[in-house]
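Read through the structure below, which is laid out as structure tokens, and then see the notes.
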Amino acid sequence: MESLKQPVQYLKGVGPKKQKLLQRLSIFTVEDLIYTFPREYEDRRSVKTVQGLVDGEKTSLYLEVCGKIQEKSIRRKLKIYTLPVKDATGTAQLVFYNTPFIKQVFQPDDKIFVHGKVKIDFYTVQILHPEYSFIKDEQHQAFQQIMPIYRLTEGLSQKDFYALQKFIFSNGATLIQEFLPEDILKKNKLCSLDFALQNIHFPSSSQNLRIAKYRLIFEELLILQLGLLLTKGQLDENREGIAFNKMPQLNDFIKQLPFQLTESQKKVLEEIEEDMESSRIMNRLVQGDVGSGKTIIAIIALYKAVLNNYQSVFMAPTEILAEQHYDTIHALLEPLGVKTVLLSGSITKRNKEKILEEIEIGKVDIVVGTHAVIQDNVRFHKLGLAITDEQHRFGVRQRVKLSNKGLNPDILVMTATPIPRTLALILYGDLDISVIDQLPPGRKAIETYCVDENKRKRVYNFVRKQIQEGRQAYIVCPLIEESENIEARSTVELYEELTKEYFQDMRVGLLHGKMKSAEKENLMKTFKSGEIDLLVSTTVIEVGVNVPNASVMVIENSERFGLAQLHQLRGRVGRGSYQSYCILINYGKNPITLERMKIMEGSTDGFVIAEKDLALRGPGEFFGTRQHGLPELKIANLFKHIKILHQVQVEAKKVLAEDPGLHLEKNKGLRRKLLEAFQEKMEEIGL
Ligand code: ADP
Ligand code: MG
């Protein structure tokens, strides 16, 4: 190995097939591989004996093969292999499924070390589908330690991945170069990079693992913070923007809405109007839970710009959302003489040309659309305000691109992702923040119930009843992180079961991630128009889609979802005047799962849920920085590591105060890392 930038395909054992699988995990170079950290660890240091085993636990054992392997066909596609084994305290069986090669692996009297799940019924002790190594193997030594477990993809085994990492560390470890300045290392008591990387993959002790983690979290947050500070510095210049006028017509418009704005909406609107009226550029984020009424606030702002003889644009992440917004805006503003157009990927070419021309000569007041609105061929006559909805799907770059279409137009972004305020300040250093923290009145709270699987039939009966009363329903299928294919397949299976056994006489639709996006959009439209009663779907149901007639959301295997995600899904119902229900079918048994389901039953407040979830879940990403157009965090967690983050902030500010462009020799490594991490935002950082 000559360089960590070397592509993975040159590694021993990586052929075209494995290369593809690695690519799916965004692993292209050796360095990517090294920076793919374990998801968790399995402590295999304590070894048990057959007699001390407990049903259901995962354990490690030293065993001796004491008989011949048996093959049994259970079903057409299921073959089971059992191997008799023993230790000094008793006998057991190793059980393997559909692995014909296993017949050739073991010889009587072989001494082995295994790790697997224990199953005990009556007098038989079984270890299901264990990992194994032979005592004479040298790999065995490593196997009996704290084992890393990686988040992988279908077709790539832990064993293969482990071997790859091992290979790198025994051949390329010397290529790992420290890039943090000496003084930062010393002052914060950070270990060296090679020690950290070695121990994050192959911890030699729990303590060394902690030390390694700390260093890697620190480095990751430092890069993030430096990048954010540099971006912020650029936007902090108080750029001159448009000073919109207060227009009396705007209040007339608000007065004639079919509802009164909530206090919270009023407050946020005030903040927005103040920004718009000042000559400083508006850069504001509006946060509000699903259903809090962000759209109408956006529309009022759009209208204000129009009244001032400016054009405005409203960008949504999907066609269906764009269409939905277009319909709402059109209905409200057309009677007032405002010309709104929808610009999406699906309109015909001729139509599009006409619309583009009208935008350019200023005949159009408001443009609503998907990312089609930031294409180069869209030229505005006089753009004064740009709004993006559900902004987490748009990166910072898109925001900037949109803003470049006008002469410093005001910018407003809307999101339903609940982010605690302190964190938002760090993430959106360049944005002011408004929060709509109140739901419109009269909204019936969604009733949430968690049930276990043997109540499925009753749940379906309940769904039937609601449909018979004229409502619509969603059934969301289990989330299968590792494989979109399996997820799609299991959704199809559930769909078939439901249409055959429970909902034969109803109109059922099927929606999953393997469908073409046009197909998906179409189906959502059909559901929205009421031509489908029940939608069986993966999580691809759009955030923000408004189907007020839908009153039931059933979520299968709810234990597999994050609470924030469950909350977003639940927000698909309860958008009309009907009492709505969310039913969580839970297969999980452990206390934390039950606790999480209780939180869902007990609260409908996205912020409360987010914080409690975090407290329970611990590590793992609650929401990805990716959503915010920032480099992905691989090990740091912005909630959990807030203390380290504060420490890092101090350090980052000091670094930039001393060396704003990172030109000093000692900061060269930092600079390189920063440029790599912020590739997409390079222009903004201005390094
Ligand atoms: P979100 O914040 O999730 O985008 P929407 O803007 O889609 O929420 O609003 C949800 C629903 O609530 C819409 O049907 C909207 O017309 C309605 N709504 C918004 N504000 C109010 C209000 N102040 N009073 C009553 N209904 C409102
Ligand atoms: Mg919305």
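What you see is a predicted model; the values in this text were computed from it and never measured. Hydrogens, waters and symmetry mates are skipped; everything else that's a heavy atom, side chains included, is used. All residue numbers in this chain count up from 1 along the given sequence.
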If only atom types and distance count, is the side chain of [X] paired as donor or acceptor with the main-chain N or O of [Y] below 3.5 Å?
X: Arg507; Y: Gly530; value: yes
X: Asp289; Y: Asp605; value: no
X: Gln158; Y: Ile149; value: no
X: Asn98; Y: Lys79; value: yes
X: Gln324; Y: Glu319; value: no
X: Glu453; Y: Ile585; value: no
X: Asn283; Y: Ile411; value: no
X: Ser603; Y: Met600; value: no
X: Glu220; Y: Ile635; value: yes
X: Arg464; Y: Tyr502; value: yes

Query raised in the report: Which one of Thr448, Ile475, Leu569, Ile583 satisfies the side chain to side chain contact (heavy atoms under 4.5 Å, CB included) criterion with Ile555?
Result: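 The side chain to side chain contact (heavy atoms under 4.5 Å, CB included) with Ile555 is passed solely by Leu569 among Thr448, Ile475, Leu569, Ile583.
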
**Report entry** Residue that, paired with Leu343, satisfies side chain to side chain contact (heavy atoms under 4.5 Å, CB included) out of Val313, Asn351, Thr370, Ile355
**Finding:**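 Looking at Val313, Asn351, Thr370, Ile355, the match for Leu343 under the side chain to side chain contact (heavy atoms under 4.5 Å, CB included) is Ile355.
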
Query raised in the report: Between Asp32 and Val8, is a side-chain contact (heavy atoms from CB on, under 4.5 Å) present by the stated rule, with each step listed?
Result: CA-CA 9 Å; Asp32 294 337; Val8 281; over 6 Å; no

Are side-chain heavy atoms of [X] and [Y] found at a separation under 4.5 Å?
X: Val476; Y: Phe561; value: yes
X: Leu566; Y: Ser558; value: yes
X: Val463; Y: Phe503; value: yes
X: Val608; Y: Ile599; value: no
X: Val373; Y: Phe314; value: no
X: Lys352; Y: Leu356; value: yes
X: Val378; Y: Val367; value: no
X: Tyr150; Y: Leu156; value: no

Requested in this report: Go through the steps for Gln466 and Glu469 under the test side-chain contact (heavy atoms from CB on, under 4.5 Å), then give the verdict.
Outcome: CA-CA 5 Å; Gln466 286 280 312; Glu469 284 173 24; 4.2 Å; yes

Report summary line: Taken to the nearest 0.5 Å, the spacing of Met414 CE from Ile297 CD1 works out to 7.5 Å

Query raised in the report: Could you state the interatomic distance from OG (Ser344) to CD1 (Ile320), rounded to the nearest 0.5 Å?
Result: 11.5 Å

Report task. Scan side-chain atoms only and decide if Tyr460 and Arg456 contain a donor-acceptor pair under the 3.5 Å cut-off. Result ->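 Arg456 and Tyr460 do have a side-chain donor-acceptor pair below 3.5 Å.
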
Query raised in the report: Without hydrogens or angle criteria, can the side chains of Asp437 and Ser264 be said to hold a donor-acceptor pair below 3.5 Å?
Result: yes

Where [X] and [Y] come nearest, the two heavy atoms and their spacing:
X: His567; Y: Gly606; result: NE2-CA, 3.4 Å
X: Leu523; Y: Ile532; result: CD1-CD1, 4.0 Å
X: Arg575; Y: Gly291; result: NH1-N, 4.0 Å
X: His325; Y: Thr295; result: ND1-CG2, 3.5 Å
X: Ile609; Y: Arg570; result: CD1-NH2, 3.3 Å
X: Arg596; Y: Glu559; result: NH1-O, 3.6 Å

Query raised in the report: Among all residues two or more places apart in sequence or in another chain, which pass the side-chain contact (heavy atoms from CB on, under 4.5 Å) test with Glu493?
Result: none

Results of side-chain hydrogen bond (donor to acceptor under 3.5 Å, both in side chains) for [X] - residues two or more places apart only:
X: Gln265; value: Thr262
X: Thr538; value: none
X: Lys18; value: none
X: Thr491; value: none

Query raised in the report: Can a cation-pi geometry be assigned to Arg471 and Tyr578, taking NZ or CZ under 6.0 Å from the six-membered ring centre and within 45° of the ring axis?
Result: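 Here Arg471 passes the 6.0 Å and 45° test against Tyr578.
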
Query raised in the report: Under 30°, 30 to 60°, or over 60°: which ring-plane class applies to Tyr581 and Phe462, parallel, tilted or perpendicular?
Result: perpendicular

Query - Val368 and His330: CA distance, side-chain angles, deciding distance, side-chain contact (heavy atoms from CB on, under 4.5 Å) verdict - result: CA-CA 10 Å; Val368 182; His330 187 76; over 6 Å; no

Query raised in the report: With His512, which residues qualify under ring-ring contact (aromatic ring centres under 6.0 Å, His included), at least two apart?
Result: none

Query - Test log, rule side-chain contact (heavy atoms from CB on, under 4.5 Å), inputs Ser312 and Ile366 - result: CA-CA 5 Å; Ser312 50; Ile366 299 178; 3.6 Å; yes

Query raised in the report: Counting only heavy atoms not in Gln375, do more than 12 sit closer than 6.0 Å to its CD atom?
Result: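 Counting neighbours around CD of Gln375, more than 12 heavy atoms of other residues, nucleotides or ligands fall under 6.0 Å, so yes.
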
